[in-house]
Amino acid sequence: MVYSKLKQWLSHGISEFGYIVILLLESLYWIVLGRFKSQAVSIRAIFFYMVQIGINALPIISVLSLTIGVMLAMQGIHTLRVLGAESKVILGLVLSVTREFAPLIIGIVVAGRSGSALTAKIGTMQVSQEIDALRVIGINPVRYLVSPVLVAVFLMLPALTFYADVLGILGGILYSSTELNHSVQVYILEALDLLSLDDVLHGLWKSMVFAVIITLVGVSNGFMVQGGAEEVGTATTRSVVFAITYIIIADMIFTFYLSHE
Amino acid sequence: MTPPIISVENLVTYYGRHQVLKGVSLAVEQGEILVIMGGSGSGKSTLLRHLLGLHAVTSGKIEIFGKNIQTLDWREEQEFRRNIGVSFQGGALFTSMTVGENVRLPLQEHSRLDEQTIAIMSRMKLEMVDLSESEDLMPSELSGGMIKRAALARAIVMDPKLLFFDEPSAGLDPVVAAELDQMILELRDAMRMTMVVVTHDLDSAFQIADKIAVLDQGEILQIGSVEMIKQSKHPRVQALLQRQIRTTQFDPDEYLERLMSGSGRK
């Protein structure tokens with residue numbers, strides 16, 4: 001019983017992974033070769049998704065990254081006080097925001113905001129035969145629905161991560177300067193001094209991997225919808241849960257390799 | 001004699017282990033309206049999806065415009081797609097676009113015409129289906145009959161040689177359904193299209209068909225003119241025409257076996 005369940009679960013997992021890989025290859029194929037087959041990936045669609053996924057998320061991302069920065073500063077000062085090393089708070093802040101928190105928070109926010117929306121959109125289109133309609137018109141659904149999103153998320157996630165780096169560090173500095181009675185300028189200079197390109201890039205690389213995960217998990221769950229509207233809901237939930245899980249696992253693997261270089 | 005537009009030979013297809021189509025053969029001639037008629041679960045939707053090239057067949061051959069649609073290369077497939085139009089059961093309009101944008105999309109994707117020409121051509125098709133006022137509406141703002149007509153406009157915008165229509169009268173009141181039937185006939189006469197209409201609506205089928213194929217449990221029971229079908233002696237065709245309840249032979253042993261094993265009907 002347990003064995004057959006496990007077997008079923010495993011074969012399901014493998015076929016889903018295979019499907020995701022095929023989706024990735026197919027959307028890359030259209031991005032590169034689409035224009036030679038008079039099925040170019042629409043630049044307008046890419047910009048549309050960049051605004052929808054990136055620009056429209058700026059308010060929530062601003063609030064979250066400022067808050068995370070403040071939270072990290074509070075925690076840092078609290079912990080470092082035990083060692084009498086509160087003055088090192090900026091170092092901890094700069095490293096943890098750029099290498100860990102900014103990419104992770106952006107990944108989670110975009111997965112929740114846009115990954116789920118992507119699943120819902122494609123799932124609904126599947127239910128209402130819009131995907132079939134695209135195919136009979138001669139529009140490849142992957143080229144039309146997946147490729148522009150992949151490009152948009154891939155460009156926007158690092159940009160948003162960089163934005164969150166700046167705001168997160170700023171939030172932490174503002175809190176630390178009031179708590180430890182130092183001027184903001186001094187801390188900003190200190191942060192700039194401590195920041196290395198490597199740390200920032202470390203976070204940006206991660207966010208690019210997260211971008212691929214969010215897009216592929218979102219669209220694959222949408223395309224796998226069969227049946228009715230209820231399943232769109234299930235697929236949307238599944239998409240968010242899986243995307244966030246994969247992001248955190250990928251994050252751990254990434255951190256392991258990059259901190260052992 | 002010119003070869004048929006559609007020729008299906010011995011089409012067999014499975015859904016999992018369940019055989020959906022059990023050797024279907026049919027032909028559609030140039031300019032003809034073929035109605036595929038059958039009840040729920042008869043396999044008519046599956047047959048339509050095969051004709052549209054949306055599913056791979058288990059065995060058998062489907063030739064449309066003289067080419068096997070299972071083995072088209074990329075260029076041939078694009079050519080095939082340009083020459084067919086499909087109006088789906090629920091319309092399948094893209095909900096994020098206006099009616100006008102929906103109708104323009106195939107032209108934008110397949111032609112290199114400028115926007116102005118595309119707009120005029122799509123408006124002409126909207127005029128043909130009496131929707132010229134609704135160009136800027138979203139699909140959610142349309143009534144059931146308007147959605148079907150908008151879907152029809154999108155299906156014919158490329159002037160296809162072959163038009164597929166899935167359940168034109170489903171979900172419509174009898175008057176609107178009759179109007180749509182009329183529109184289908186007018187279109188055929190105006191644009192000399194070959195059509196395949198899938199329906200379970202008898203009135204509609206008799207109204208528009210040149211030829212009717214009666215499909216039941218994955219088999220074509222009979223294929224012929226409206227008169228032939230009406231006068232058919234075939235008991236299952238008669239049952240379908242007279243809306244009789246399907247009677248299956250009752251086998252007590254098999255029934256008991258089914259209850260005991262719980263494996264369902266074989």
Side-chain angles (χ1 to χ4, degrees), chain A residues 8 11-12 15 26 29-30 32-45 47-49 51-53 56 114 117-149 222-223 225-229 232, chain B residues 15-16 45 48-55 64 69 72-97 101-112 139-140 147 150-152 154-158 160 162-167 170:
Chain A
Q8 194 185 356
S11 76
H12 189 78
S15 72
E26 203 181 334
Y29 171 87
W30 289 112
V32 178
L33 294 176
R35 63 184 67 255
F36 302 111
K37 296 206 154 197
S38 64
Q39 292 234 10
V41 175
S42 151
I43 305 286
R44 193 195 294 188
F47 275 101
F48 172 80
Y49 287 117
V51 171
Q52 210 178 43
I53 292 163
N56 293 352
S114 306
L118 214 55
T119 310
K121 176 182 168 171
I122 293 180
T124 314
M125 290 181 78
Q126 188 77 274
V127 171
S128 63
Q129 287 192 298
E130 286 172 56
I131 303 285
D132 288 337
L134 280 177
R135 287 174 64 191
V136 299
I137 290 173
I139 299 174
N140 184 295
V142 173
R143 189 268 299 179
Y144 193 73
L145 296 170
V146 183
S147 300
V149 180
F223 278 122
V225 167
Q226 286 169 335
V232 177
Chain B
Y15 189 78
S45 308
L48 180 70
R49 294 181 67 79
H50 282 298
L51 293 177
L52 299 177
L54 291 176
H55 278 315
I64 298 182
I69 62 164
L72 298 179
D73 64 25
W74 174 79
R75 207 168 293 277
E76 288 172 328
E77 173 157 3
Q78 288 301 101
E79 172 83 23
F80 168 64
R81 298 283 173 219
R82 267 198 299 274
N83 284 321
I84 67 166
V86 188
S87 170
F88 285 95
Q89 183 170 351
L93 296 174
F94 303 116
T95 45
S96 54
M97 301 178 188
E101 285 165 347
N102 263 285
V103 178
R104 287 195 288 272
L105 185 69
L107 283 173
Q108 285 164 341
E109 289 293 328
H110 284 298
S111 73
R112 288 168 192 273
S140 58
I147 287 178
L152 183 57
R154 186 177 69 187
I156 59 172
V157 76
M158 297 286 295
L162 175 59
L163 182 69
F164 294 92
F165 218 131
D166 191 9
E167 297 281 3

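Numbers restart at 1 for each chain; the letters A, B, ... are given by sequence-line order, proteins then strands. Since the structure is predicted, the reported quantities are computational estimates derived from the model, not experimental observations.
- Looking at B:Thr95, the atoms closer than 4.5 Å to chain A (heavy atoms on both sides) sit in the backbone and in the side chain alike.
- In this structure, the portion of B:Arg112 lying under 4.5 Å from any heavy atom of chain A is its side chain and not its backbone.
- Both the backbone and the side chain of A:Leu134 come within contact range of chain B, with heavy atoms under 4.5 Å apart.
- Residue B:Arg154 touches chain A through its side chain alone, counting heavy-atom pairs closer than 4.5 Å.
- Within the 3.5 Å criterion, the main-chain N or O of A:Arg135 finds a donor-acceptor partner in the side chain of B:Arg81.
- Judged purely by atom type and a 3.5 angstrom limit, B:Glu76 uses its side chain to pair as donor or acceptor with the backbone of B:Asp73.
- Side-chain N or O atoms of B:Asn102 include none that pairs as donor or acceptor with a backbone N or O of B:Leu93 at under 3.5 Å.
- Using a 4.5 Å heavy-atom cutoff, the side chains of A:Ile139 and B:Leu105 are in contact.
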